[in-house]
Structures are given as structure tokens and as C-alpha cells.
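To keep things clear, I will list the structure first and then write my remarks on it.
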Amino acid sequence: MQEAMINKAKQLLADGTVSRVIGWKRGEFAYDITPAVFETAEELDKEFVYDDFTAANVSKYLVKESKKEGKILVFLKPCDTYSFNQLTKEHRVVRENVYIVGIPGGPKLDAEKIKAKGITGILSVKNENYTLKIDTVYGEEKMPFYEAVLDKCASCKSKKHVVYDELMGEEGDVLDSNRFDMVEKLENMAAQERYDFWREQLSKCIRCNACRNVCPACTCEKCVFDNPDSGVENKAPADSFEENMFHIIRAFHVAGRCTDCGECSRVCPQNIPLHLLNRKFIKDINSLYGEYQAGEDTTSRAPLNDYKQNDCEASVVHERGVE
């Protein structure tokens with residue numbers, strides 16, 4: 001697939017369809033794949049990468065890149081196309097300045113799950129018939145492919161692209177996902193047990209803002225946490241209340257707009273399952289207002305900004321004193 005993608009990018013650069021390409025390149029380590037922009041065939045040959053670690057959703061980068069002169073080529077996995085559609089709906093990307101090639105998605109791998117097996121000094125990772133052969137400075141290691149799959153890919157909601165100009169490979173289907181299983185497990189906990197779970201998780205936050213920075217739904221021109229006049233610029237949590245509220249408020253901020261791409265959890269250095277907060281809101285919205293998938297299209301109105309006379313009353317949404 002990588003070679004085919006490079007050839008496609010070269011073709012579109014050569015015929016003038018696009019003037020640059022956004023994709024991925026390798027970082028310091030074999031599993032450290034990061035988004036990058038390429039402008040020449042030579043750069044593509046030298047650095048363009050697409051492999052089992054190419055998990056990053058590059059849609060958010062198009063907020064700025066699509067406003068530059070010339071059209072940009074982007075390769076989008078099925079889950080990434082939901083984010084792109086949502087950004088188009090919110091007028092955050094210039095659709096006509098982007099040429100989308102849909103590519104097959106995951107599952108992608110989580111290097112942290114490989115390291116958790118005690119495997120260190122990783123030089124390269126090869127997938128051979130769903131067995132990972134890991135070359136390290138200490139020798140070769142092996143482990144099953146599916147034991148290293150990213151959590152966000154383990155509960156994939158769709159293999160179907162919702163937007164593209166051209167498709168590479170076969171189109172998939174919307175899946176009967178199990179993505180709400182863990183949310184239901186949390187809902188079934190007693191209030192104190194649920195509180196203790198989230199206190200343990202949220203207390204690990206170091207306020208690095210990686211979740212906010214990677215989130216395609218967080219694209220404010222001036223985030224309150226970057227505004228020196230807000231009084232909370234670069235604010236670290238001062239007490240347990242702030243630890244609790246930062247991520248809960250952020251989840252409210254993206255409610256109805258979050259496409260459940262899972263990038264927040266993927267990049268969290270503290271391994272906080274932040275996507276579960278967003279999924280709770282997605283599940284509640286589906287339950288209270290009817291099935292809705294953010295980013296499925298570019299025209300529908302989200303339930304939380306589309307008032308109807310038969311909308312549920314506040315007392316239905318939450319009854320005080322009931323766990």
C-alpha cells in the first residue's frame with residue numbers, strides 16, 4: 001500500500017492536481033510515525049511512510065493547510081473521513097482545496113502495548129501473518145498482532161469512507177461496533193465506584209494538552225488555555241476539583257461534534273481512557289435524541305443545536321438523586 005500511495009501522490013503532483021501532500025514520516029523510532037507535508041517526489045521517496053503504526057488522524061492539520069494556496073492531497077482512513085466531514089460542516093476546512101484519496105484503515109498498532117510485554121530497544125516491527133516479529137537491540141521477539149492493537153481500533157465503528165475523491169482498495173461497511181460496552185460497564189457501577197474509577201484516571205493528568213491539540217473537534221482560533229488574558233493560560237490542575245473538571249468540561253465542549261476517532265486516548269502519555277467520556281455523551285445523545293453519528297454527512301444538524309418541540313425535558317435527561 002505504501003508504494004501505491006507514493007506513486008499516486010507523485011502522479012497528482014506531476015499532473016498539477018495538487019501542489020503538496022499531507023501524510024506521515026518516521027520519527028526517532030521505528031514505531032514513531034508523525035504527520036508531515038511533502039512537496040516533491042524526492043521527499044515522498046525519502047520519507048513518506050504508511051505502515052501498521054500510521055494511526056494519526058491528519059484531518060485537523062487541514063484546518064490550516066486547506067487555507068494555503070493550491071490544493072493539497074490527503075490520504076484518509078475511514079475513521080478519519082468522519083473527522084474531515086465534521087470539519088467541513090463547521091466550515092473549518094476549505095473542501096475544494098483538498099483532494100481526498102480514501103485508503104483502507106486499521107487495525108493499527110500501539111507501541112506501548114509492545115513495550116508492556118517487556119520488549120525494549122525496538123529497532124523494527126514486521127507483521128507476518130498477524131504475528132509481530134520485533135527486531136530489538138537484544139535480539140528478535142515475537143507476539144500476536146492483535147495483542148498490540150490500539151484500543152481505538154479494537155472497537156472500530158466503520159470501515160466505510162464517508163467522503164473521498166478517489167478510493168484505493170475496496171470499500172468497507174459500517175460495523176456493528178462494541179464501542180459502548182465499556183461505557184455500559186461504567187454505567188452499571190455504583191456511583192462511588194464510578195467516581196473512584198474516574199478520580200484514579202483523571203488524577204494522572206499532567207495537563208500536557210496533547211488530547212486537546214490532537215482533537216479534530218478542538219479547533220478554536222484562541223483556546224482559553226492559550227489566552228494570557230483568561231487567567232488559566234498553561235494552567236496546571238491546582239486541586240482535585242480541577243483535575244476532575246478539565247476533561248469533563250472538554251468532553252462537554254465537543255459533545256455532539258466528537259466523531260469518536262479516539263485520538264485523545266491514543267496520544268495521552270498517561271494512558272487515560274479519555275474517549276470513554278466522549279462515548280458516554282455519544283451514547284446519551286443517541287438514547288435521548290435518536291441515533292446520530294457526527295461527521296456522517298456535511299448537512300445534518302447535530303441534536304444539541306437542533307431544537308425540536310418533542311425534545312426530552314431536562315428532568316428526563318437527569319433526575320437528581322438517582323444514580
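Keep in mind the model is a prediction, meaning the values are calculated, not measured.
A heavy-atom distance below 4.5 Å is not found between the side chains of Glu296 and Asn85. Using a 4.5 Å heavy-atom threshold, the side chains of Cys205 and Ile272 count as touching. Taking 4.5 Å as the limit, some side-chain heavy atom of Glu166 sits within range of a side-chain heavy atom of Tyr99. Counting heavy atoms from C-beta on, the side chains of Pro107 and Cys156 never come closer than 4.5 Å. In this structure the side chain of Ile114 never reaches within 4.5 angstrom of the side chain of Glu147, judged on heavy atoms. A 4.5 Å side-chain heavy-atom check between Gln201 and Pro273 finds at least one atom pair inside the cut-off.
Counting heavy atoms of neighbouring residues, nucleotides and ligands inside a 6.0 Å radius, atom CD of Glu28 does not exceed 12 of them. Other residues, nucleotides and ligands place more than 12 heavy atoms under 6.0 Å from the NZ atom of Lys204. Atom NZ of Lys115 has more than 12 heavy atoms from other residues, nucleotides or ligands within 6.0 Å. Heavy-atom neighbours of Lys67 NZ from other residues, nucleotides or ligands within 6.0 Å: above the threshold of 12.
Using a cutoff of 4.0 Å between basic side-chain nitrogens and carboxylate oxygens, Lys280 and Asp284 are scored as salt-bridged. The residues Arg26 and Asp32 are annotated as not salt-bridged, no charged nitrogen and carboxylate oxygen being separated by less than 4.0 angstrom. Under the 4.0 Å criterion applied to side-chain N and carboxylate O atoms, Glu187 and Lys283 are assigned as salt-bridge partners. In summary, Lys133 and Asp135 do not engage in a salt bridge, as defined by a charged side-chain N under 4.0 Å from a carboxylate O. In summary, Glu221 and Arg92 engage in a salt bridge, as defined by a charged side-chain N under 4.0 Å from a carboxylate O. For the pair Glu43 and Lys25, the salt-bridge criterion is not met [side-chain N within less than 4.0 Å of a carboxylate O]. Note on Lys71 versus Asp165: no salt bridge recorded, every NZ/NE/NH1/NH2 to OD/OE distance being 4.0 Å or above. Ion pairing of Glu65 with Lys68 is present here, as a side-chain N (NZ or NE/NH1/NH2) and a carboxylate O approach within less than 4.0 Å. Ionic pairing of Asp51 and Lys126 is not present here: no N-O contact between side-chain nitrogen and carboxylate oxygen is shorter than 4.0 angstrom.
One finds the CG atom of Asn7 at 8.0 Å from the CE atom of Met168 (value rounded to the nearest 0.5 Å). Note that the CG atom of Asp311 and the CG atom of Asp306 stand 7.5 Å from one another [nearest 0.5 Å]. Once rounded to the nearest 0.5 Å, the distance linking CG of Asp110 with OH of Tyr31 reads 11.0 Å. Rounding to the nearest 0.5 angstrom, the gap separating the CG atom in Asn271 from the OG atom in Ser265 is 9.0 Å. Here CG of Leu175 is found 7.0 Å from CG of Asp173. Values are rounded to the nearest 0.5 Å. Atom NE2 of His247 and atom CZ of Arg212 lie 11.5 Å apart (nearest 0.5 Å).
When all heavy atoms of Ala255 and Phe281 are compared, the pair lying nearest together is CB-CD1, 3.8 Å. Between Val149 and Ala154, the shortest heavy-atom contact is CG1-N, 4.0 Å. Of all non-hydrogen atoms in Glu263 and Asn57, the two that sit nearest each other are OE2-N, 3.0 Å. When all heavy atoms are compared, the tightest approach of Thr259 to Gln86 is CG2-CB, 4.0 Å. Closest non-hydrogen pair, Leu304 versus Ile285, comes out as CD1-CD1, 3.9 Å. Considering all non-hydrogen atoms of both residues, Ala56 and Asp80 come closest at O-OD2, 4.4 Å.
Taking the centre of each ring, Phe75 and Phe48 come in below the 6.0 Å mark.
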Take Asp260 and Asn278, measure what side chain to side chain contact (heavy atoms under 4.5 Å, CB included) needs, and give me the verdict at the end.
CA-CA 7 Å; Asp260 198 11; Asn278 300 324; 5.7 Å; no
List the steps, then state whether side chain to side chain contact (heavy atoms under 4.5 Å, CB included) holds for Phe246 with Arg207.
CA-CA 9 Å; Phe246 174 74; Arg207 196 67 68 81; 3.4 Å; yes
Audit row: Arg279, Ser155, side chain to side chain donor-acceptor pair (under 3.5 Å) steps and yes/no:
CA-CA 12 Å; Arg279 282 186 182 171; Ser155 54; 2.9 Å; yes
Before giving the answer on side chain to side chain contact (heavy atoms under 4.5 Å, CB included), spell out for Ile100 and Val163 the whole-Å C-alpha distance, their side-chain angles and the decisive distance to 0.1 Å.
CA-CA 8 Å; Ile100 303 171; Val163 61; 4.0 Å; yes
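In this structure, Lys10 fails the cation-pi test against Phe38, since its NZ or CZ atom is not both closer than 6.0 Å to the six-membered ring centre and inside 45 degrees of the ring normal. For Lys8 and Tyr50, the positive end is not near the middle of the six-membered ring at less than 6.0 Å and at most 45° from its axis.
Residue Asp151 forms a side chain to side chain donor-acceptor pair (under 3.5 Å) with just one option from Arg266, His275, Lys113, and that option is Lys113.
A single hydrophobic cluster is not seen to contain both Tyr138 and Phe29; linkage of ILVMFWY side chains at heavy-atom distances under 4.5 Å, directly or through other members, places them apart.
Using a distance-only test at 3.5 Å, with no hydrogens or angles considered, no donor-acceptor pair links the side chain of Arg194 to the main chain of Trp198.
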